[in-house]
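Each remark here refers to the structure printed beneath this line.
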Amino acid sequence: MNKIVRMNLYRGVFLIFLTLTTQTVLSSDVTSDRNFYQRQYCIVGAGPSGLQMGYFLERSNRDYMIFEQNNASGSFYVKYPRHRKLISINKRHTGQTNKEFNFRHDWNSLISDDESLQMRYYSKDFFPQADTYVKYLNDYATKLRLKIKYNTRISNIRKKTISEGLDVFLMDDQNGKTYSCQVMIMGTGIGTPNKPYFAGMEHTESYEDMSIDTDDFEGKSVMILGRGNSAFETADHIVGSTNVIHMMARSRVKLAWETHYVGDLRAVNDGLLDTYQLKSLDGILEASMAEVLVIKNEKNGKLALIPRDEMVVKIDLNYTTVNQTVFHKMMREIHDNFPLREEYDYIIRCLGFTYDFAIFNSTFSPEPTANGKYPTINAAYEVENITDMFVIGTSSHSLDFKKSAGGFIHGFRYTARALHHLLQYRYHNIPWPSTSQPISELVNNIIKRANEASGIYQMFTQLGDVILLHENGLYDYLEEFPLQLLHKLPEVSGRNASKVIVLSMEYGKDYSGKVLLA
């Protein structure tokens with residue numbers, strides 16, 4: 001049984017000492033089966049994660065192809081965020097020349113060996129424009145000569161047994177052409193708008209389709225459904241034009257500066273909190289859409305939210321457009337302390353995104369996570385119920401949701417590299433990269449990594465450095481290993497030792513549960 005002892009090195013950094021039982025598991029190279037499939041690796045999606053994985057496969061001279069449904073890389077950013085400002089920081093100056101340290105504060109650049117492919121050379125904005133990022137991603141794909149098949153919409157992904165012990169993935173494009181590969185890597189992200197049904201939904205507008213012309217909201221009253229960054233981004237964009245903005249969501253707003261989770265509300269978007277707390281008409285409340293319905297005045301197009309449990313005038317919930325008399329009567333029946341007595345010109349749904357499971361054959365699909373937002377994967381980024389299918393990028397965030405940065409570029413560029421190392425050993429017998437040094441250099445190396453390393457800094461609690469101690473006075477240093485796989489270290493990395501030290505960065509156990517300001 002493995003023995004684990006944890007020691008606090010200094011605040012936020014831990015050394016974990018493990019004693020591992022000796023185990024050596026070798027993977028077989030299956031490239032001899034090449035005649036049965038067109039590519040060994042298929043990557044679906046040419047967004048940041050697909051490009052990042054493509055880079056690693058390209059540099060290791062693997063047989064791969066990236067399939068992209070649109071005519072350019074990073075097509076998600078052509079439309080999103082709708083109001084065009086990214087919330088990933090672009091800190092161009094740190095006072096340091098060390099690239100690894102500077103990557104701690106560059107949340108947009110992908111890993112590469114081309115020094116020109118850094119976001120600092122594309123924008124001086126601390127929060128760059130999305131259009132600039134599209135240019136960056138396409139330059140990345142072009143300069144690094146990644147193999148990408150554009151205008152190829154993949155669907156009907158399935159698996160077929162070719163012979164005993166050999167399965168291949170099959171998938172079709174929009175023209176009926178079928179492609180095959182041995183290893184499937186899904187980099188499609190979380191790009192499908194979340195559309196939960198509620199009565200009167202047809203009267204609302206969606207974040208993805210709303211107008212971004214502020215003149216359209218001049219002198220209008222607006223309700224925004226949702227309380228994430230897209231909701232607050234929308235409010236910030238139109239607040240200078242509106243009469244009033246109300247925002248409603250089923251749970252309380254969580255602030256990134258308090259929780260340390262980058263997916264929570266960022267300060268760059270939280271202007272509506274000021275206008276709410278400083279009594280400037282706007283408001284935020286907690287309620288579920290299951291508690292209300294949206295009705296529309298057929299005469300003037302005004303909208304209203306009506307508490308369902310207090311409806312005196314009964315209407316067919318399938319027909320929520322009502323005449324003006326009924327509209328006004330229903331409004332008068334709302335109790336006096338109901339906070340949403342306003343008539344609205346627009347109700348905008350900003351309810352986030354989810355994973356597109358429709359890309360798979362109806363009888364062959366990853367199991368969704370409990371909230372239905374992500375495919376269920378294990379610690380090796382492999383789909384739980386589908387062998388040889390892996391998930392990268394935002395859609396792999398189920399492993400560290402609300403814990404680390406794996407759902408964001410500055411996090412998943414490192415998990416993509418970790419997956420590549422796992423694939424190298426599993427399919428090609430190439431062990432996890434390591435450096436070997438005398439034990440006298442160990443402390444200096446640990447301190448240097450703790451002060452400079454970006455991967456373990458951004459993917460705190462998830463990726464850590466692993467030090468293998470040997471009896472001959474040497475040690476091997478493995479960078480950014482998935483900590484949830486520590487118990488399988490020899491099996492998945494091809495590296496082994498009787499004694500192991502792990503360098504991991506962590507917050508305290510209650511770091512996101514306490515109020516930091518009185």
Side-chain angles (χ1 to χ4, degrees), residues 193-211 216-217 219-236 238-239 242-254 265 270 272-273 275-277 279-354 371-373:
N194 184 31
K195 297 180 180 180
Y197 174 79
F198 54 87
M201 178 182 177
E202 66 274 15
H203 306 312
T204 66
E205 300 187 33
S206 64
Y207 172 72
E208 61 270 21
D209 294 324
M210 67 169 288
S211 170
D216 290 339
F217 299 94
K220 304 298 184 182
S221 297
V222 179
M223 161 62 73
I224 297 176
L225 305 177
R227 52 101 180 103
N229 280 293
S230 62
F232 277 87
E233 164 211 327
T234 299
D236 266 13
I238 65 176
V239 69
T242 56
N243 290 331
V244 62
I245 297 176
H246 288 164
M247 184 178 290
M248 186 178 82
R250 62 186 176 184
S251 59
R252 179 168 295 185
V253 172
K254 294 183 178 180
L265 179 60
D270 69 3
L272 194 73
L273 290 178
T275 58
Y276 168 45
Q277 296 285 11
K279 303 175 292 184
S280 187
L281 296 180
D282 300 327
I284 303 173
L285 73 152
E286 298 167 33
S288 170
M289 282 307 300
E291 302 173 20
V292 298
L293 75 150
V294 177
I295 61 171
K296 181 178 181 178
N297 186 328
E298 66 178 0
K299 183 174 182 179
N300 60 14
K302 293 287 187 177
L303 306 172
L305 275 74
I306 307 296
R308 295 182 63 165
D309 60 354
E310 296 186 12
M311 287 175 55
V312 176
V313 178
K314 302 301 181 181
I315 64 172
D316 186 338
L317 297 185
N318 294 315
Y319 300 95
T320 51
T321 299
V322 299
N323 63 48
Q324 184 163 267
T325 300
V326 173
F327 184 89
H328 286 156
K329 186 174 183 179
M330 295 182 75
M331 291 292 290
R332 287 194 299 270
E333 290 170 351
I334 299 175
H335 60 80
D336 289 342
N337 62 349
F338 183 63
L340 301 178
R341 297 177 61 85
E342 189 85 21
E343 294 182 11
Y344 299 103
D345 298 287
Y346 296 100
I347 297 178
I348 304 172
R349 290 177 281 111
C350 300
L351 300 174
F353 297 85
T354 188
N371 63 5
K373 186 172 183 176

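By convention here, the first residue in the shown sequence is residue 1. Note that this is a predicted model, so its numbers are computed, not measured. Computed from heavy atoms alone, side chains included, the values below leave out hydrogens, waters and symmetry copies.
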Asn318 and Tyr197 have their tightest heavy-atom pair at OD1-OH, 4.4 Å
So, do Leu281 and Thr275 sit near enough that their side-chain heavy atoms are less than 4.5 Å apart?
no
Discussion item. When you compare the side chain of Lys195 with that of Thr354, does any pair of heavy atoms fall below 4.5 Å?
Written reply: no
Check: Hey, does Ser280 have a side-chain heavy atom less than 4.5 Å from the side chain of Asp282?
Finding: no
**Q.** Thr320 versus Glu202, side-chain donor and acceptor atoms under 3.5 Å
**A.** yes
Distance col, row Met331:CE vs Leu305:CG, nearest 0.5 angstrom, shows 9.0 Å
Here the gap from Thr204 atom OG1 to Phe198 atom CZ, rounded to the nearest 0.5 Å, amounts to 4.0 Å
Under 4.5 Å between any side-chain heavy atoms of Leu273 and Leu265, yes or no? yes
Distance col, row His203:NE2 vs Tyr346:OH, nearest 0.5 angstrom, shows 15.5 Å
To the nearest 0.5 Å, atom OG1 of Thr321 lies from atom CG of Leu303 at 9.0 Å
Between Lys296 and Phe327, the two heavy atoms sitting closest are C-CD1, 4.0 Å
Minimal heavy-atom distance between Met247 and Gly226, with the atoms involved, is CG-O, 3.0 Å
Next on the checklist: If you define the side chain from C-beta out and look only at heavy atoms, does anything of Gln324 sit under 4.5 Å from Asn300?
Outcome noted: yes
Interatomic distance, CD@Glu205 vs OG1@Thr234, rounded to 0.5 Å, equals 11.0 Å
Between the CZ atom in Phe232 and the CD1 atom in Ile224, the distance rounded to the nearest 0.5 Å is 8.5 Å
Here the side-chain hydrogen bond (donor to acceptor under 3.5 Å, both in side chains) pairs for residues 285-294, sequence neighbours left out, are Arg252-Glu286
Ile245 and Ala235 have their tightest heavy-atom pair at CD1-O, 3.7 Å
- Item | Any side-chain heavy-atom pair of Arg227 and Ser251 under 4.5 Å | yes
Report yes if some heavy atom in the side chain of Glu342 is under 4.5 Å from a heavy atom in the side chain of Met223; otherwise report no. no
| said: Less than 4.5 Å apart, side chain to side chain, heavy atoms only: is that true for Met248 and Met289? | reply: yes
Minimal heavy-atom distance between His328 and Asn297, with the atoms involved, is NE2-ND2, 4.2 Å
Sorted by chain and number, sequence neighbours left out, side chain to side chain donor-acceptor pair (under 3.5 Å) with Gln277 holds for none
What is the ring orientation for Tyr207 with Phe353, classed by angle as parallel under 30°, tilted 30 to 60°, or perpendicular over 60°? perpendicular
